[in-house]
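What follows is a short report on a single structure.
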Amino acid sequence: MPYPDPFYPVVDSVQWVERLTKLGVGTIQLRAKELDDSGALQIVTDALAITKGTPTKLVVNDYWRAAIVAGAEHLHLGQEDLADADLAEIRKAKLTLGVSTHDDAELATALAAKPDYVALGPIFFTTLKSMRFEPQGVPKITEWKKRVGKIPLVAIGGIKFEHAAEIFAAGADSIAVVSDVTQNADPDARVRQWLGLSAEAA
């Protein structure tokens with residue numbers, strides 16, 4: 001399978017990791033904010049225990065030290081986190097690295113880190129987190145994909161299942177999904193929809 005998978009949910013708890021792993025999701029990002037070092041290590045360790053022995057890949061957002069100590073294999077960093085991270089230590093630990101981007105300068109910074117994938121967002125308006133950046137729009141995906149070349153491109157931000165075909169057609173390799181799963185009236189059914197589309201896109 002590609003990495004990250006075409007359907008790439010982003011969740012903030014071990015409970016969500018467990019729920020999605022049981023549904024057969026291939027790649028899950030754990031993005032839990034405002035944790036101290038011990039809290040970060042605990043949640044990463046607990047999440048890895050759930051995905052161990054399953055086909056699910058766990059991507060740790062932000063907490064690169066905890067990821068290394070806990071034995072994670074995959075890491076995602078925002079621009080601020082990337083600036084503070086020790087890339088040599090991350091590579092030494094053989095972690096894959098995904099990096100968030102929102103504009104040209106951030107893309108240059110991300111590419112300099114030789115990432116395993118680049119994320120572009122927000123594609124649409126999102127209420128989940130306050131963004132310094134306006135929605136990028138679908139055409140930006142095509143532009144970004146030309147610039148990153150063979151590096152997988154992940155689209156994120158306000159994306160619902162109904163947008164998926166358009167976004168894959170624009171050049172995205174993967175779609176990161178947050179509220180369309182976690183705030184859905186029937187998350188399991190929504191995940192199965194995404195997994196069906198993901199199988200077609202793979």
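Values reported hereafter were calculated over all heavy atoms of this structure, with side chains retained and with hydrogens, waters and symmetry mates removed.
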> Would you say F7 and Q193 make side-chain contact, with heavy atoms under 4.5 Å?
Replying inline: no
> Can you check whether E106 reaches S100 side chain to side chain, under 4.5 Å on heavy atoms?
Replying inline: no
> Within a strict 4.5 Å, meaning less than it, do heavy atoms of the D12 and R31 side chains meet?
Replying inline: no
> Taking the side chain as C-beta and beyond, is there a heavy-atom pair between V191 and V25 under 4.5 Å?
Replying inline: yes
> So among T21, I50, T27, T51, which one has a side-chain contact (heavy atoms from CB on, under 4.5 Å) with L58?
Replying inline: T51
>> Rounded to the nearest 0.5 Å, what separates atom CG in L77 from atom CD1 in I90?
In response: 5.0 Å
> Given the rule that I, L, V, M, F, W and Y join up when any side-chain heavy atoms are under 4.5 Å apart, are L195 and F161 in one cluster?
Replying inline: yes
>> With rounding to the nearest 0.5 angstrom, report the OG1 to CG distance, T54 to L20.
In response: 11.5 Å
>> So for atom CD, which belongs to E73, do other residues, nucleotides or ligands contribute more than 12 heavy atoms lying within a distance under 6.0 Å?
In response: no
> Checking salt bridge (charged side-chain N to carboxylate O under 4.0 Å, His left out) against E143, which of K146, K140, R147, K145 comes through?
Replying inline: R147
>> Around atom CG of D37, are there more than 12 heavy atoms from other residues, nucleotides or ligands closer than 6.0 Å?
In response: no
>> Show the nearest heavy-atom pair for residues L30 and S13, with the distance to one decimal.
In response: CD1-N, 3.8 Å
> Is any side-chain heavy atom of Y117 closer than 4.5 Å to a side-chain heavy atom of H76?
Replying inline: yes
> Which atom pair, heavy atoms only, marks the closest approach of G158 to H163?
Replying inline: O-CE1, 3.7 Å
> Would you say I28 and V59 make side-chain contact, with heavy atoms under 4.5 Å?
Replying inline: no
> Taking it one step at a time, do K92 and D86 satisfy salt bridge (charged side-chain N to carboxylate O under 4.0 Å, His left out)?
Replying inline: CA-CA 10 Å; K92 184 178 172 185; D86 187 333; over 6 Å; no
>> Within the 4.5 Å heavy-atom criterion, are L95 and H74 side-chain neighbours or not?
In response: no
> Does the salt bridge (charged side-chain N to carboxylate O under 4.0 Å, His left out) test come out yes or no for R65 and D36, once each step is laid out?
Replying inline: CA-CA 11 Å; R65 291 183 182 87; D36 59 18; over 6 Å; no
> Could you walk me through whether R190 and E162 pass the salt bridge (charged side-chain N to carboxylate O under 4.0 Å, His left out) check?
Replying inline: CA-CA 11 Å; R190 196 59 151 179; E162 290 76 15; 2.9 Å; yes
> Side chains of T101 and Q79: does their closest heavy-atom pair fall under 4.5 Å?
Replying inline: yes
> Is there a donor in the side chain of W64 and an acceptor in the side chain of D84, or the other way round, less than 3.5 Å apart?
Replying inline: no
> So, K57 and D5, do they make that salt bridge, N to O below 4.0 Å?
Replying inline: yes
> If you take all heavy atoms of D46 and V14, which pair is closest and at what distance?
Replying inline: CB-CG2, 3.9 Å
> Is the closest basic N to carboxylate O distance between D116 and R91 below 4.0 Å?
Replying inline: yes
>> Can you give me the closest heavy-atom contact between L35 and Y63, atom names plus distance?
In response: N-OH, 3.0 Å
